[in-house]
Amino acid sequence: MGWITIDRSIKTTLKEQIITQLRTNILAGDLRAGEALPSTRQLALELQVSRNVLLEAYEQLTAEGYLEGRTGTGTFVAQGATLALYEPPAAPSAPQGNDGRSPTDVVSFRSGIPALDRFPRRRWAQLAQEIFTYTPDRNFGYDAPEGRPELRSAIAKYVFRVRGVRCRPDQVVVTSGTTQAISLTAKLCAGPGEPFILEDPITNDIQTILASHGARLVPLPVDESGIDTAELARRSLRGSVYVTPSHQYPLGSILPIQRRVQLIEYARRTGSYIVEDDYDSEFRYEGDPIPSLQGLDPNVVIYLGTFSKILSPALRIGYMILPDPLIERCRRLKWFSDLHTPSLEQLILARFVEDGHLERHIRNMKKLYKRKRDFIRERLKHCFGESVVIRGDSTGLHLIADFPGVTFTEPLIERILEAGVSVQPVSVHAHDRTAHGSSLIIGFGHLGEPDMALGVERLNTVLSGRLFRGSPSSQREKAGITAPSL
């Protein structure tokens with residue numbers, strides 16, 4: 001059987017190599033139904049492998065149905081194991097960026113990623129060891145969909161203390177991240193075809209999730225003061241409203257009290273709910289954090305929070321705080337979704353919050369992120385001067401860099417990526433994709449100063465036209481640069 005080859009230089013075991021090649025040849029029809037295979041003794045001699053390896057390979061393929069043994073006559077290819085047009089799977093290749101550039105060579109200004117190197121590993125590991133060692137056996141079993149009571153109690157006290165959220169622990173539902181919370185919200189607030197009002201622009205992920213549940217999206221424009229609440233009355237709108245009032249994503253504006261009052265009055269008047277996504281509000285660099293919208297009227301606001309931006313996206317733990325009429329229904333929906341969020345991680349996080357480690361971590365990270373914010377702002381101004389306008393940088397892990405006269409088309413974004421920088425224009429999150437075309441989202445929370453400096457310099461190389469030097473103006477325009485002064 002010369003078509004079976006053995007490679008002793010790779011990690012795959014000899015048995016797996018033989019099984020994979022026999023399986024592939026049977027599926028492809030190279031070995032036909034009823035065809036006899038060599039005896040294990042004969043094939044072991046040909047391949048220079050142990051006969052036990054062949055015995056185990058034949059047994060496995062017989063169990064899977066590819067082979068059948070006939071007493072006294074040998075082993076044969078079974079009927080019905082050939083698949084027309086079968087193509088064996090290709091070996092996975094290493095991921096590469098554009099032009100063969102490794103992703104590690106690209107400076108990514110992706111937003112929403114915290115400083116992963118500052119995760120409190122030692123403290124977390126200490127608490128994890130204590131939980132795993134001493135927690136009662138029952139905590140290793142199935143749990144309640146709304147989450148561990150220890151964590152729900154810790155969250156209720158924490159959000160009241162730092163965000164002014166008014167709630168009882170039974171109003172808290174622990175989720176597997178914000179994505180699940182948004183999905184549950186869509187099911188609670190809008191049936192198929194029903195309107196869901198949201199900011200424009202707002203992260204494309206939210207739009208996708210809400211639309212996937214059948215909601216009819218109704219965008220309202222955002223200005224320097226957040227969502228334009230006057231449009232609600234002007235257009236006689238009805239429906240739930242999704243807002244990021246303490247740090248609008250992506251533009252970074254803060255919703256003033258006048259518009260918050262208008263939102264509350266709208267919800268009371270129409271019987272609708274306001275969904276408050278409290279996006280990275282803990283990290284405010286000028287003054288104190290903005291109080292939550294929920295604190296004005298807990299009866300009409302669904303409050304969403306997450307630990308992904310504070311600690312790590314890998315935790316996959318978020319939470320919802322619900323008005324009383326929605327609690328039981330949300331618990332049922334959560335049960336249908338994933339039964340419950342992993343319990344032991346909840347217990348660790350509850351201890352982390354209760355013992356004060358979370359708030360100490362936030363204070364430390366706020367200082368770090370402020371330094372990073374100041375550095376990236378200084379680098380942008382150093383490279384671009386008056387050609388860049390920086391907005392939305394008072395809070396959070398990103399800012400907006402606006403380049404008047406530049407349109408960040410797909411070809412230009414590709415050219416920037418080829419230069420080793422990954423950026424996202426605001427326009428990808430806008431209902432009207434022609435709006436905000438001159439603005440980039442610059443995330444900085446996860447980057448060190450050398451990477452930020454390198455990324456800005458590479459961006460400057462593209463936007464200053466160095467990669468276009470000697471090219472005709474038509475090529476510059478095709479790439480999206482409409483301002484020769486940059």
Side-chain angles (χ1 to χ4, degrees), residues 110-114 173 175-223 226-229 231-232 237 239-255 259 263 267 272-281 292-294 300-310 313 316-322 326 330 333-334 337 392 395-398 400 424-433 435-436 439 441 443:
R110 179 178 175 179
S111 62
I113 305 177
V173 172
T175 64
S176 300
T178 302
T179 298
Q180 185 183 57
I182 298 170
S183 295
L184 293 171
T185 298
K187 296 174 184 177
L188 289 170
C189 294
E194 292 183 6
F196 213 122
I197 302 163
L198 67 169
E199 301 163 332
D200 182 25
I202 194 169
T203 176
N204 195 53
D205 293 342
I206 292 173
Q207 301 176 55
T208 301
I209 295 169
L210 295 177
S212 72
H213 290 282
R216 178 168 56 86
L217 305 186
V218 181
L220 289 190
V222 169
D223 58 25
I227 189 170
D228 186 357
T229 51
E231 285 287 301
L232 294 169
L237 295 174
S240 296
V241 185
Y242 198 109
V243 291
T244 53
S246 296
H247 184 227
Q248 200 280 330
Y249 186 88
L251 298 182
S253 52
I254 296 171
L255 197 68
R259 293 191 179 185
L263 271 180
S272 305
Y273 287 105
I274 303 165
V275 183
E276 178 181 12
D277 187 343
D278 207 14
Y279 185 83
D280 63 18
S281 60
S292 70
L293 178 64
Q294 193 267 4
V300 298
V301 178
I302 301 171
Y303 181 92
L304 308 185
T306 179
F307 295 97
S308 294
K309 307 298 184 296
I310 303 174
R316 306 312 309 143
I317 298 181
Y319 54 94
M320 310 170 68
I321 296 174
L322 300 154
L326 299 178
C330 187
L333 290 171
K334 178 67 165 65
S337 176
T395 305
L397 306 183
H398 78 276
I400 299 300
Q424 192 175 62
V426 173
S427 57
V428 303
H429 300 291
H431 179 72
D432 177 4
R433 292 301 173 91
H436 308 285
S439 297
I441 303 168

Any side-chain heavy-atom pair of Val218 and Leu198 under 4.5 Å: no

Does a sphere of radius 6.0 Å around NE2 in His213 hold more than 12 heavy atoms from other residues, nucleotides or ligands, not counting ones at 6.0 Å or beyond? yes

How long is the straight-line distance from OG1 of Thr185 back to CD1 of Ile209, given to the nearest 0.5 Å? 10.0 Å

Not counting sequence neighbours, which residues clear salt bridge (Lys or Arg N to Asp or Glu O under 4.0 Å) with Glu194? List them please. none

Taking the side chain as C-beta and beyond, is there a heavy-atom pair between Pro114 and Ile310 under 4.5 Å? no

So Leu293 and Tyr303, side-chain contact (heavy atoms from CB on, under 4.5 Å) or not? Walk me through it. CA-CA 8 Å; Leu293 178 64; Tyr303 181 92; over 6 Å; no

So how far is it from Arg433 CZ to Ser427 OG, rounded to the nearest 0.5 Å? 7.0 Å

Shortest non-hydrogen contact between Arg216 and Gly193, atoms and distance: NE-O, 3.5 Å

Answer yes or no: is there a side-chain heavy-atom contact under 4.5 Å between Leu255 and Leu263? yes

How about His429 and Gln424: does a side-chain donor come under 3.5 Å of a side-chain acceptor? yes

Could you check whether any side-chain N or O of Asp228 sits under 3.5 Å from a backbone N or O of Val222, counting only pairs where one atom can act as donor and the other as acceptor? no

Mind checking the CG-OG spacing from Leu188 to Ser240? Nearest 0.5 Å is all I need. 9.0 Å

Between Ser246 and Glu276 the two heavy atoms that sit nearest each other are OG-OE2, 4.4 Å

Residue pair Leu304 / Tyr242: nearest heavy atoms and the distance that separates them: CD1-OH, 3.6 Å

Side chain proximity check, Thr229 to Leu220, heavy atoms < 4.5 angstrom: no

For Ile197 and Leu232: C-alpha separation, side-chain torsions, deciding distance, then whether side-chain contact (heavy atoms from CB on, under 4.5 Å) applies. CA-CA 9 Å; Ile197 302 163; Leu232 294 169; 3.9 Å; yes

Note, Ile274 side chain near Ile302 side chain (heavy atom, < 4.5 Å): no

Using a 4.5 Å cut-off on heavy atoms from C-beta on, say whether the side chain of Pro250 contacts that of Thr203. no

Across all chains, not counting sequence neighbours, the salt bridge (Lys or Arg N to Asp or Glu O under 4.0 Å) partners of Asp280 are none

Would you check, one step at a time, whether the test side-chain contact (heavy atoms from CB on, under 4.5 Å) holds for Val243 with Val275? CA-CA 6 Å; Val243 291; Val275 183; over 6 Å; no

Under 3.5 Å, is there a donor on one side chain and an acceptor on the other for Ser337 and Gln180? yes

Validation row: Asn204, Val428 side chains within 4.5 angstrom (heavy atoms): no

If you compare all heavy atoms of Ala186 against all heavy atoms of Phe196, which two are closest, and at what distance to 0.1 Å? CA-CE1, 4.4 Å

Between His398 and Arg110, does the side-chain contact (heavy atoms from CB on, under 4.5 Å) criterion hold? Intermediate values first, please. CA-CA 8 Å; His398 78 276; Arg110 179 178 175 179; over 6 Å; no

Out of curiosity, Asp277 CG to Thr306 OG1, how far, rounded to the nearest 0.5 Å? 9.0 Å

Locate the shortest heavy-atom distance separating Ile441 from Pro425; write the atom from each residue and the value. CD1-O, 4.3 Å

For a 4.5 angstrom cut-off between non-hydrogen side-chain atoms, does Leu184 reach Thr175? yes

Under a 3.5 Å cutoff, is there a donor and acceptor pairing between the side chains of Asp205 and Thr208? no

Once rounded to the nearest 0.5 Å, what's the spacing between atom CZ of Arg259 and atom CD1 of Ile227? 9.0 Å

Arg316: which residues meet the salt bridge (Lys or Arg N to Asp or Glu O under 4.0 Å) condition with it, sequence neighbours left out? none

Euclidean distance, Ile254 CD1 relative to Gln248 CD, rounded to 0.5 Å: 11.0 Å

Considering all heavy atoms of both residues, which atom of Tyr249 and which atom of Ser111 are nearest to each other, and what is their separation? OH-OG, 2.7 Å

